[in-house]
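For reference, the structure is listed below as structure tokens.
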2 protein chains.
Amino acid sequence: MPQAPSQVRSATADEIRQAALQQFAQSGYDASSMRDIAASVGIKAASLYNHFDSKEKILWDLTRSAMSDLAANRDAALAQLDPAAGPRARLAAFVSAHVGFHAERRHQAVLVNSQLGSLSPSHHRKAIALRDAYENSLRAIIDAGVTTGEFVISDAQVTTLAILQMGTGVSVWFRPDGRLRSDQVGAEYVKLAALITRGIA
Amino acid sequence: MPQAPSQVRSATADEIRQAALQQFAQSGYDASSMRDIAASVGIKAASLYNHFDSKEKILWDLTRSAMSDLAANRDAALAQLDPAAGPRARLAAFVSAHVGFHAERRHQAVLVNSQLGSLSPSHHRKAIALRDAYENSLRAIIDAGVTTGEFVISDAQVTTLAILQMGTGVSVWFRPDGRLRSDQVGAEYVKLAALITRGIA
DNA sequence: GTCTATATATCGATAGAC
DNA sequence: GTCTATCGATATATAGAC
């Protein structure tokens, strides 16, 4: 069965996605023009509308993909664990995946963390729902660790947000040619998350 | 000696500052128009130019004030300590001030954390320098604690950024009518920072 | 699917009357 | 210091030729 027309991915459409992601993440959605995006693909602005209905549709396409990739990255990390793995192993896997994504896929991370406000109201609601689900998946790990007594924390919601946001911040300063590789940065944040949850052997 | 003309603060200019801060923080600099800012002050866009040379000058005025307030807030907290206070007390004071600012002055915090890219190159450089100085003031506390042996950490730079960014994230979710008051949130983050630096008695 | 040309809207900023 | 009127640039998006 062939793909539905709306899901066909032409080479040009992918070039547009790449160019738009780069510009939206670097300069912001409002400061990026269709002309500039088209120029970096090597076509004219009007031709963009053969691939996307509007500028906002490009942003939504990129946002949905980024949030989907973020969740898939988390799922892949958790799936590698022993099914009987406890909260501490699950927390480490989550943080490692979270930080790795925010280091290695900075543009997607920055888009999700700073450009949701430019989405249409309808798309914005859907993005917020996806973000809440992602946050809740960490919250569930935290709560499980509290229940088993492996985690000793003061406030589950603050702890959840603190772990998430310190990892999100990696997308602001990480550079591929920096002092630490992304896996090293991930390992550092795994340690921090363990300390926050009193995982100090 | 009277104030220099450039520092005169008229009531109207302050209303403009307040309206622009609200809009820049809420919708972003590029999505905010001079017409909208003027309308929320009750005047026309052209009249704004009697108080500020350009839209970017408003942003710079607000940015400089916000970063100055942030540093002053930190200095006030540290100044209340006993001069002989050690790194752990200094860290707690810094985090408490940092989180308190990001909770209680959300608009200023969001501006500094998301709109620096809209500044002119010259102003952008100055803002980055101020941000670096702020980060370095926390880094110095961390380093001092490592030197005395009170802090046991894995990577000083990662630790510094993690503490800063988890506190910065408070400006994203804090609500004055939420479950926790800003001082309670600050106390939670002081605990988290202590744990990260192995301050678990 | 690309292009040129253009419609329509809004932007920051200025000129000049009051 | 406010206003009306407007300039010039740029924005998204569309129409229609090729």
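Note that these values count all heavy atoms, side chains included, but never hydrogens, waters or copies made by symmetry. Sequence lines set the chain letters: A, B, ... in the order given, protein chains first and strands last, and positions in each chain run from 1.
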In whole Å, I'd like the distance from the CG atom of B:Asp53 to the P atom of C:dA13.
10 Å
Answer yes if the side chains of A:Thr197 and A:Arg88 hold a donor-acceptor pair under 3.5 Å, and no otherwise.
yes
Can you say whether the rings of A:His98 and A:His102 are parallel (under 30°), tilted (30 to 60°) or perpendicular (over 60°)?
tilted
Taking the six-membered ring for Trp and the full ring for Phe, Tyr or His, determine whether the centres of B:Phe94 and B:Tyr134 are under 6.0 Å apart.
yes
Separation of atom OH in B:Tyr49 from atom P in C:dG12, rounded to whole Å
6 Å
Tell me: CD1 of B:Ile16 to P of C:dG12, nearest whole Å?
14 Å
Atom-pair distance (CZ on A:Phe52; P on D:dA13), nearest Å:
13 Å
Checking contacts here: which listed nucleotide (D:dT4, D:dT12, D:dT6) is nearest the side-chain heavy atoms of B:Ala46?
D:dT4
In this structure, how many angstroms lie between the P atom of C:dC3 and the CG atom of A:Leu48, rounded?
9 Å
In short, ring pair (Phe, Tyr, Trp, His ring centres under 6.0 Å) pairs touching residues 54-84 of chain B with sequence neighbours left out are B:Trp60-B:His123
Between A:Arg35 and A:Gly42, which has a closest nucleotide on DNA chain C that is more 5'?
A:Gly42
When you check the phosphate oxygens OP1 and OP2 of D:dT12, does a side-chain N or O of A:Lys55 lie under 4.0 Å from one of them?
yes
Does some side-chain heavy atom of B:Trp173 sit less than 4.5 Å from a side-chain heavy atom of B:Arg106?
no
Using whole Å, report how far CD1 of B:Ile58 lies from P of C:dC11.
14 Å
Residues A:Asp61 and A:Lys57 bridged, charged N to O under 4.0 Å:
no
Starting from the 5' end of DNA chain C, give me the residue, A:Thr12 or B:Asp36, whose nearest nucleotide shows up first.
A:Thr12
Find the distance B:Lys57:NZ to C:dA13:P and express it as a whole number of Å.
10 Å
Which pairs with one or both residues in residues 176-187 of chain B pass salt bridge (Lys or Arg N to Asp or Glu O under 4.0 Å), sequence neighbours excluded?
A:Asp155-B:Arg179, B:Arg181-B:Asp183
Quick note, B:Lys44 side chain, CB onward, closest among D:dA15, D:dA13, D:dC3 is D:dC3
In numerical order, the residues of residues 19-34 of chain B whose heavy atoms come under 4.0 Å of DNA chain D are none
Should A:Ser47 be listed as having a side-chain N or O under 4.0 Å from OP1 or OP2 of C:dG1?
no
Let me know the distance between CD of A:Glu15 and P of C:dG1, rounded to the nearest Å.
13 Å
